[in-house]
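Some notes on the structure that comes next.
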Amino acid sequence: VYLSHNAFWLAGIGMYMRRILLFTCVAGIAVGPASARSPDAPRLTVMTFQSTEQGLGAKVAETLRNRLSHDFPQQQLYTLPTNIVQRALQASSFPPSEPLDSSNEKLLAQMVHAAYYVTGTITHTPSGYQLLPRLVLTRDPALMQPLPALTGPTIDALVAPVSQALRDAMKQMSAEQQCLAATRNRN
């Protein structure tokens, strides 16, 4: 079959338009309703944690998302719900229960407009679990705050201390945001 140069060009435009449409749809999903949250509240997402045990990282991420949504008022910190994160992952052809590599974590956080994300590693130990979480700044993943390493008998026992450690780490972020804004205003 012979296709002209114009046919190849049109096929390329079609693929480009499908990508734009997909991104627009995903961006619409990611933004979601803003009824109860402040537009100035930073957005945070929790990534699927790295784990050798199938499904454990996704379970920890969902449990932590639920805990953070409960512990932080949406006017202070908006934690993206699991369904938004899962839809964004599926739209990008990633399985929601599998952890991402660091570059894809950054891209996902940008896609869902999260200023920060929590990621890390969860391992099964003889006495329960060990969690090594960290808070990452989306605009520059090199700027990350390791949160305290935790061990506990259940996943629920681990997420409460992570929430408190995140609260303490977020206290630094307002000063970081002010510094960034001052730097931007000078330029």
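Quick note: numbers below take in every heavy atom, side chains included, and nothing from hydrogens, waters or symmetry partners. Numbers here are sequence positions counted from 1.
- The two atoms that bring Pro148 and Pro133 nearest to each other are O-CD, 3.5 Å, heavy atoms only.
- Residues Val118 and Met170 share a hydrophobic cluster, clusters being chains of Ile/Leu/Val/Met/Phe/Trp/Tyr side chains in contact below 4.5 Å.
- Taken from CG in Asp156 to OH in Tyr129, the straight-line distance is 10.0 Å, to the nearest 0.5 Å.
- In the hydrophobic cluster analysis, where Ile, Leu, Val, Met, Phe, Trp and Tyr join through side-chain heavy atoms closer than 4.5 angstrom, Tyr116 is grouped apart from Leu132.
- What you find for Pro161 and Ala157 is that their closest heavy atoms are CD-O, 3.3 Å.
- Smallest separation of non-hydrogen atoms from Ala169 and Gln145: CB-CG, 4.1 Å.
- Of the candidates Thr63, Leu131, Val46, Leu131 is the only one forming a side-chain contact (heavy atoms from CB on, under 4.5 Å) with Val162.
- The side-chain heavy atoms of Asp71 and Leu166, taken from C-beta on, include no pair separated by under 4.5 Å.
- Not a single side-chain hydrogen bond (donor to acceptor under 3.5 Å, both in side chains) links Asn66 to another residue, sequence neighbours left out.
- One distance of note links CE of Met144 with CG of Leu137; it measures 12.0 Å at 0.5 Å rounding.
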Begin from the C-alpha positions of Arg167 and Leu77 and carry the test side-chain contact (heavy atoms from CB on, under 4.5 Å) through to its verdict. CA-CA 10 Å; Arg167 182 175 302 283; Leu77 179 69; over 6 Å; no
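- Transitive grouping of hydrophobic side chains (ILVMFWY, heavy atoms separated by less than 4.5 Å) keeps Met111 and Leu107 in distinct clusters.
- Not a single donor-acceptor pair under 3.5 Å links the side chain of Arg65 to the backbone N or O of Thr82.
- Cluster annotation: Ile84 and Tyr117 are assigned to the same hydrophobic cluster (Ile/Leu/Val/Met/Phe/Trp/Tyr, side-chain heavy-atom contacts under 4.5 Å, transitive).
- More than 12 heavy atoms of other shown residues, nucleotides or ligands fall within 6.0 angstrom of atom NE2 in His124.
- Remark: Gln54 CD to Glu98 CD distance equals 5.0 Å, nearest 0.5 Å.
- Using modelled atom types, one side-chain atom of Thr48 and one backbone atom of Pro96 make a donor-acceptor pair closer than 3.5 Å.
- One finds the CD atom of Gln76 at 11.5 Å from the CD atom of Gln74 (value rounded to the nearest 0.5 Å).
- Nearest heavy atom pair, residue Leu100 against residue Gln50, reads O-NE2, 3.0 Å.
- In this structure, CG in Leu44 is found 8.0 Å from CG in Leu64, a value given to the nearest 0.5 Å.
- Side-chain N or O atoms of Thr138 include one that pairs as donor or acceptor with a backbone N or O of Ala114 at under 3.5 Å.
- Ser51 places a side-chain N or O within donor-acceptor distance of the main-chain N or O of Glu53, the cut-off being under 3.5 Å.
- Rounded to the nearest 0.5 angstrom, Leu56 CG and Lys59 NZ are separated by 7.5 Å.
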